[in-house]
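Since the structure comes first, as structure tokens, the remarks are kept for the end.
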Amino acid sequence: MSQAVFKQTGQSAAGARLGVLKTRRGPVKTPFFMPVATRGVVKSLTPKEVKDTGAQVLLSNTYHLHLQPGEELVKRLGGLAKFNGWEGPTLTDSGGFQVFSLASIRKITEEGVTFKEPKTGDEIFISPEKSMQIQFSLGSDIIMAFDDLTGLSLETRARTKEAMERTHRWLARCLTEFNRLTKDLPDGQKPLLFGISQGGLDEKLREKSLDFVQSQPVDGVAIGGLSVGESRAELHSMLKFMSLLYDPARPRYLMGVGHPIDFRWALLNGIDMMDCVMPTRNGRHGTVWLKGDRPVNLKSLRFATDKQIIDKTCDCYTCRAGYSRALLRHLFKNSDPLAGRLASIHNLRYLARICEEI
RNA sequence: GCUGGGGUAGUGAAGCGGUCAAACACGACUGACUGUAAAUCAGUUGGCAUUCGCCUUCGGGGGUUCGAAUCCCUCCCCCAGCA
């Protein structure tokens with residue numbers, strides 16, 4: 001762990017932490033939201049469009065980029081930033097989420113996880129070491145530990161403790177490999193490494209996991225294993241519980257949360273950074289947020305003759321440029337990709353503004 | 001005018017005597033989406049009732065049959081070829 005990666009600079013009137021996270025591509029202001037660029041780009045958007053929403057950091061994915069086009073190719077092309085044109089820092093997820101989302105095609109052993117891609121027939125093995133190597137080759141600025149994430153169904157719930165313990169063992173291996181890979185880099189050029197805590201909806205496990213991760217020389221602490229199907233009340237209650245357990249000196253990253261209501265709650269409970277597919281996926285599917293965290297589906301018939309912009313209080317490109325709800329509905333109904341782009345921009349700006357205004 | 005093919009729910013298109021309110025696709029409407037197997041997925045889509053169900057439909061009319069979108073007669077309309 002390099003010294004003073006994170007510095008708290010204050011607290012918002014509402015109670016959110018304000019601070020600065022230092023990365024090798026420069027400092028970023030916390031709190032911040034990371035748009036998801038799984039395959040290297042935020043679906044359908046240019047880097048400039050993403051940046052103009054106020055985004056500072058992008059999230060990309062180890063698993064997907066390893067499959068296609070492969071980290072060696074990305075490395076040869078100069079790393080992610082050169083490859084995709086995003087000049088700010090990029091955080092890469094470790095492939096851990098795919099242990100959960102691709103549960104039906106994967107097999108976990110202590111050594112690592114084997115995935116059998118149904119589309120390509122490829123068999124992919126990812127271990128903690130392998131995940132570090134891939135992320136390092138991709139040129140990630142914030143590397144995530146490879147974790148074992150389990151769901152909430154009865155049979156997976158039984159695995160919560162086991163998954164947490166394995167995540168801890170794997171974190172140790174990640175650290176060793178990370179140190180090996182980065183030992184020759186000067187301090188300012190090292191990527192950061194974040195550890196991930198698990199524990200499901202069990203407070204004791206959560207506390208134990210946070211304690212363990214924070215005992216390790218990681219640059220940041222991530223909360224994994226939430227937003228996997230639990231109720232809002234359960235999510236909020238756990239976030240409140242954990243808010244008293246964080247190391248004040250390190251950034252806290254809540255993985256996968258992006259519904260504005262949960263987002264605000266997290267910020268008011270000590271979280272500094274988040275990512276989520278919701279603004280972009282829902283945007284592409286036609287749903288945008290209105291002031292008050294109210295989602296509306298632009299495809300709905302009731303917008304057919306609506307001359308208003310999405311939200312007159314919004315300063316995103318889509319709203320400033322004056323695209324009416326009626327036009328957006330028309331574009332959605334005709335499958336014009338511009339519709340999803342404009343809605344994604346609006347939703348990304350919506351979350352960025354929460355960070356700026358909370 | 002002759003010969004052949006065809007007219008099915010918003011559209012295209014199956015069905016060719018009962019299990020047909022009628023496959024499937026598209027369209028339409030509604031909903032879902034939280035570290036992206038997701039520009040995706042689910043439900044509804046004749047009327048009424050919306051729980052069993054009831055009613056009216058497959059170009060029009062008339063037959064045959066216990067029973068027809070499906071067979072026969074007739075009329076109307078489309079398409080192709082020949083006059």
Side-chain angles (χ1 to χ4, degrees), chain A residues 33-45 57-65 67-68 91-106 115-120 122 124 131 135 142-149 151-152 167 194 196-198 220 222-232 234-236 239 253-263 265-266 271 273-289 293 295-304 329 331-344 347 351:
Chain A
F33 172 78
M34 296 178 276
V36 176
T38 302
R39 293 182 159 81
V41 299
V42 178
K43 282 188 201 300
S44 84
L45 299 184
V57 183
L58 230 52
L59 178 144
S60 281
N61 192 292
T62 298
Y63 180 84
H64 302 261
L65 290 171
L67 260 178
Q68 187 75 232
L91 175 150
T92 44
D93 188 21
S94 60
F97 186 69
Q98 278 62 47
V99 176
F100 164 73
S101 67
L102 301 180
S104 58
I105 60 158
R106 60 96 176 108
F115 300 88
K116 171 94 176 148
E117 263 292 307
K119 280 182 190 159
T120 58
D122 293 351
I124 301 118
S131 178
Q135 295 183 68
I142 305 174
I143 288 176
M144 297 305 300
F146 188 59
D147 61 331
D148 182 359
L149 162 52
L152 296 170
T167 295
F194 278 38
I196 304 178
S197 60
Q198 289 292 343
I223 295 93
L226 290 176
S227 63
V228 292
E230 74 278 10
S231 71
R232 174 152 291 153
E234 288 171 318
L235 170 65
H236 288 203
L239 287 171
Y253 164 29
L254 175 59
M255 307 184 79
V257 168
H259 187 108
I261 292 173
D262 304 327
F263 196 83
W265 181 267
I271 297 297
M273 48 197 282
M274 281 177 266
D275 76 284
C276 192
V277 302
M278 200 175 250
T280 44
R281 179 191 287 169
N282 284 20
R284 268 179 283 115
H285 295 173
T287 302
V288 291
W289 289 303
D293 302 342
V296 295
N297 190 340
L298 289 172
K299 287 186 280 196
S300 182
L301 179 60
R302 65 185 193 278
F303 297 119
R329 174 183 139 87
L331 295 177
F332 271 115
K333 295 309 286 180
N334 289 284
S335 307
D336 191 313
L338 179 61
R341 282 164 38 72
L342 293 170
S344 292
N347 284 344
L351 293 184

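A note on names: the letters A, B, ... follow the listed sequences, proteins ahead of strands, and every chain is numbered from 1.
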### Message
Roughly how many Å apart are B:rG35 and B:rC26, using the P atom of each and rounding to a whole number?
### Response
28 Å
### Message
Can you check the distance between B:rA68 and B:rG17, where both ends of the measurement are the P atom (answer in whole Å)?
### Response
14 Å
### Query
Between A:Leu91 (CG) and B:rG35 (C1'), how many Å, whole number?
9 Å
### Message
For the P atoms, the ones on B:rC82 and on B:rG61, what distance do you get once it is rounded to whole angstrom?
### Response
36 Å
### Query
Just checking A:Ile196: base, sugar-phosphate only, or nothing, at a heavy-atom cut-off of under 4.0 Å?
base
### Message
My understanding is that only one of A:Thr280, A:Leu45, A:Val42 makes a side-chain contact (heavy atoms from CB on, under 4.5 Å) with A:Arg341; could you say which?
### Response
A:Leu45
### Task
Using the P atom on both, measure B:rC48 against B:rG43 and round to a whole Å.
23 Å
### Task
Could you pick out which residue, A:Val228 or A:Pro337, lies toward the 5' side of RNA chain B when each is mapped onto its nearest nucleotide?
A:Val228
### Task
Between B:rU70 and B:rG15, how far apart are the P atoms? Round to whole Å, please.
14 Å
### Query
B:rG35 base to A:Asn61 side chain: any donor-acceptor pair below 3.5 Å?
no
## Note on the structure
If pairing means Watson-Crick or G-U wobble with both distances under 3.5 Å, then the partner of B:rU3 is B:rA80
### Message
Categorize A:Arg106 for me: base, sugar-phosphate, or nothing, with a 4.0 angstrom heavy-atom threshold over every strand shown.
### Response
nothing
### Query
What integer distance in Å separates A:Leu235:CG from B:rU34:C1'?
9 Å
### Task
Would you mind classifying the nucleic acid contact of A:Gln198 as base, sugar-phosphate or nothing, using non-hydrogen atoms under 4.0 angstrom?
base
#### Entry: Pairwise side-chain contact, A:Phe303 with A:Val296, heavy-atom cut-off 4.5 Å (strictly under)
yes
### Task
Would you indicate what A:Gly340 reaches in the nucleic acid, counting non-hydrogen atoms under 4.0 angstrom: base, sugar-phosphate, or nothing?
nothing
### Task
Give one of base, sugar-phosphate or nothing for A:Ser335, where a contact means two heavy atoms less than 4.0 Å apart.
nothing
### Message
Distance check, rounded to the nearest 0.5 Å: A:Leu91 atom CG versus A:Tyr253 atom OH?
### Response
5.0 Å
### Query
Think A:Arg284 has a side-chain N or O under 4.0 angstrom from the OP1 or OP2 of B:rU40?
no
### Summary
Sorted by chain and residue number, the side chain to side chain donor-acceptor pair (under 3.5 Å) partners of A:Asn61 (sequence neighbours excluded) come out as A:Gln98
### Task
Would you name the heavy atoms of A:Asp147 and A:Ser94 that are closest together and state the gap between them?
OD1-OG, 3.8 Å
### Task
Counting heavy atoms from C-beta on, name the nucleotide in B:rU34, B:rA37, B:rC33 closest to the side chain of A:Pro118.
B:rA37
### Query
With rounding to whole Å, what would you report as the distance between B:rC16 and B:rA23 at their C1' atoms?
14 Å
### Query
Under a 3.5 Å cut-off for both distances, is B:rU34 Watson-Crick or wobble paired, and to whom?
none
### Query
With a 3.5 Å cut-off and just heavy-atom distances, do the side chain of A:Ser101 and the base of B:rU36 make a donor-acceptor pair?
no
### Pairing residues for A:Asp262 by the side chain to side chain donor-acceptor pair (under 3.5 Å) criterion, not counting sequence neighbours
A:Arg232, A:His236
### Message
Contact between A:Cys276 and A:Val36 at the side-chain level, heavy atoms closer than 4.5 Å - yes or no?
### Response
no
### Task
Identify whether any heavy atom of A:Asp275 sits under 4.0 Å from a base atom; if not, whether one sits that close to sugar-phosphate; answer base, sugar-phosphate or nothing.
sugar-phosphate
### Query
Would a distance-only check, ignoring hydrogens and angles, find a side-chain to backbone donor-acceptor pair under 3.5 Å from A:Thr92 to A:Ile143?
no
### Counterpart residues, side-chain contact (heavy atoms from CB on, under 4.5 Å), relative to A:Arg281 (two or more places apart)
A:Val277, A:Arg284, A:His285
### Message
Which nucleotide, if any, forms a Watson-Crick or G-U wobble pair with B:rA28, using both distances under 3.5 Å?
### Response
B:rU44
### Message
Checking A:Ser197 now: which residues fulfil side chain to side chain donor-acceptor pair (under 3.5 Å) with it, not counting sequence neighbours?
### Response
none
### Query
Roughly how far apart, to the nearest Å, are B:rC55 and B:rA69 at atom P?
15 Å
### Proximity to RNA chain B (any heavy atom under 4.0 Å), residues of residues 35-45 of chain A only
A:Val36, A:Thr38, A:Arg39, A:Lys43
### Query
Is A:Gly229 touching bases, backbone alone, or none of the nucleic acid, heavy atoms closer than 4.0 Å?
nothing
#### Entry: A:Gln98 side chain near B:rG35 phosphate (N/O to OP1/OP2, under 4.0 Å)
no
### Query
OP1, OP2 of B:rA37 versus side-chain N and O of A:Lys116: anything below 4.0 Å?
no
Give every pair of a protein N or O atom and an N or O atom of nucleotides 29-32 of chain B that lie under 3.5 Å apart, one pair per line with the distance.
from, atom 1, to, atom 2, distance (Å)
B:rC29, OP1, A:Arg329, NH1, 3.3
B:rC29, OP1, A:Arg329, NH2, 2.9
B:rC29, OP2, A:Lys333, NZ, 2.4
B:rU30, OP1, A:Ser300, OG, 3.0
B:rU30, OP1, A:Leu301, N, 3.4
B:rU30, OP2, A:Leu301, N, 3.3

### Message
Measuring only the C1' atom in each nucleotide, how far is B:rU8 from B:rC20? A whole number of Å is fine.
### Response
11 Å
### Query
Heavy-atom distance under 4.5 Å between the side chains of A:Tyr63 and A:Leu102, does that happen here?
yes
### Summary
To the nearest angstrom, the CD-P distance between A:Glu117 and B:rU36 comes to 14 Å
